[in-house]
Amino acid sequence: MSVALPSLRAVDHERARRALDLFERRGDVEPIEGDVAAAAWVCLDRAKARGTAAALLVDAGLWDPAFTSAYDAYRSAADAVVLCLGYRVPAVAGAHRISCDIAAATVGAGPGPFSPASAERFRRERHTSEYFDPEHPVEKVEADARWALDLAGRALVVVESALSAG
């Protein structure tokens, strides 16, 4: 089932459609009904709240939780893009990657915040932070947390701009 994309300016509708079609064929996204724009804005507001929490944690010098909160803001911003397109990513293997891939296709991969290299680095580093391995402990440092906060902040701006243009 393929739904029409909303009329968002400053997005690549062709790339978004190809990404959605791929993930829909694989069963990795589900179409949603109702006011998708409102759902996207609610999701983006949640992402902003997570970004605010990350900033507070950076200010407090709590690098690991700051990094994870920034990642949650980033991922939620990508989820807002998926929602505004009339879909959601259910709890499937690779769900975070799927959301970021769709966001990259929709609001531009290039050097933007959802570029594959940035998204993959963020996912990989969040994984090492979130899932402690006593044989390979990883502690985030200030530079890690600030990098994560910056990337999440740029993602929030890009997504808000895309939603506002629609």
Side-chain angles (χ1 to χ4, degrees), residues 3 5 8 11-12 15-32 36 39-55 57-58 62-133 136 138-140 143-163:
V3 300
L5 297 181
L8 294 173
V11 301
D12 189 330
R15 285 186 59 194
R17 172 52 51 212
R18 284 194 314 263
L20 286 168
D21 287 347
L22 168 72
F23 291 119
E24 191 171 26
R25 280 192 307 273
R26 291 175 19 186
D28 292 335
V29 295
E30 301 171 345
I32 59 172
V36 297
W41 280 106
V42 168
C43 189
L44 183 61
D45 286 342
R46 291 174 54 142
K48 288 179 180 179
R50 290 174 173 143
T52 298
L57 291 164
V58 165
L62 300 168
W63 314 129
D64 278 315
F67 191 95
T68 301
S69 293
Y71 177 83
D72 288 342
Y74 178 82
R75 178 191 46 80
S76 294
D79 288 341
V81 172
V82 177
L83 288 169
C84 84
L85 297 171
Y87 288 82
R88 68 180 284 276
V89 179
V92 296
H96 294 188
R97 175 172 290 157
I98 293 164
S99 293
C100 290
D101 286 352
I102 293 169
T106 304
V107 298
F114 292 109
S115 72
S118 293
E120 182 58 29
R121 175 182 171 195
F122 213 169
R123 266 192 306 279
R124 188 177 56 252
E125 289 189 21
R126 180 268 188 175
H127 184 86
T128 62
S129 182
E130 188 74 7
Y131 302 103
F132 182 74
D133 180 352
H136 305 286
V138 174
E139 292 293 325
K140 295 298 180 213
D144 298 322
R146 291 196 183 281
W147 175 85
L149 186 59
D150 176 67
L151 187 59
R154 289 188 290 126
L156 290 167
V157 168
V158 165
V159 172
E160 184 167 24
S161 177
L163 294 180

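Reckoned from all heavy atoms, side chains included, excluding hydrogens, waters and symmetry mates.
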task: Determine whether F23 and V89 make a side-chain contact, defined as any pair of heavy atoms from C-beta on separated by less than 4.5 Å.
output: no
- prompt: How many angstroms lie between CZ in R17 and OG1 in T106, if you round to the nearest 0.5 Å?
  reply: 9.5 Å
query: Taking all non-hydrogen atoms of both residues, which atom of V36 and which atom of G86 are closest, and how far apart?
result: CG1-CA, 3.6 Å
query: Of all heavy-atom pairs between V107 and A162, which one has the smallest distance, and what is that distance?
result: CG1-CB, 3.8 Å
For E130, all residues meeting salt bridge (Lys or Arg N to Asp or Glu O under 4.0 Å), sequence neighbours excluded: none
task: Identify, with sequence neighbours excluded, every residue that meets salt bridge (Lys or Arg N to Asp or Glu O under 4.0 Å) alongside D144.
output: none
- prompt: Checking side-chain contact (heavy atoms from CB on, under 4.5 Å) for the pair D150/R146: CA distance, chi angles, key distance, verdict?
  reply: CA-CA 6 Å; D150 176 67; R146 291 196 183 281; over 6 Å; no
message: Is any side-chain heavy atom of R126 closer than 4.5 Å to one of Y74?
response: no
message: Working to the nearest 0.5 angstrom, can you tell me the gap between E125 CD and E120 CD?
response: 10.5 Å
query: Would D101 and L22 satisfy side-chain contact (heavy atoms from CB on, under 4.5 Å), going step by step from the backbone distance to the final call?
result: CA-CA 11 Å; D101 286 352; L22 168 72; over 6 Å; no
- line: Contacts of E30 meeting side-chain hydrogen bond (donor to acceptor under 3.5 Å, both in side chains) (sequence neighbours excluded), chain-then-number -> R88
field: Contact summary for C84 and L163, nearest pair of heavy atoms
entry: CB-CD2, 3.5 Å
Compile the donor-acceptor pairs under 3.5 Å between side chains in residues 43-51 and protein atoms, sequence neighbours left out, one pair per line.
residue : atom : partner : partner atom : Å
K48     : NZ   : E160    : OE1          : 3.4
K48     : NZ   : E160    : OE2          : 2.9
R50     : NH1  : S76     : OG           : 2.6

Closest heavy-atom pair and its distance - G27, V92: O-CG1, 4.4 Å
- request: Kindly compute the distance separating OG1 (T52) from CG (L57), expressed to the nearest 0.5 Å.
  value: 11.0 Å
task: Check whether any side-chain heavy atom of R18 lies under 4.5 Å from a side-chain heavy atom of D21, and answer yes or no.
output: no
field: Main-chain N/O of H96 paired with S99 side-chain donor or acceptor, under 3.5 Å
entry: no
- line: When every non-hydrogen atom of A78 is compared with those of F114, the smallest separation belongs to CB-CE2, 3.7 Å
field: CG on L20 to CD1 on I98, rounded to 0.5 Å
entry: 11.0 Å
- prompt: Does D64 have any side-chain contact (heavy atoms from CB on, under 4.5 Å) partners at least two apart in sequence or in another chain, and if so, which?
  reply: S129, E139, K140
message: Test of understanding: with side-chain contact (heavy atoms from CB on, under 4.5 Å), list the residues that count as partners of L149, not counting sequence neighbours.
response: A54, A55, V58
- prompt: Between L156 and A77, what is the shortest heavy-atom contact and its length?
  reply: CD2-CB, 3.9 Å
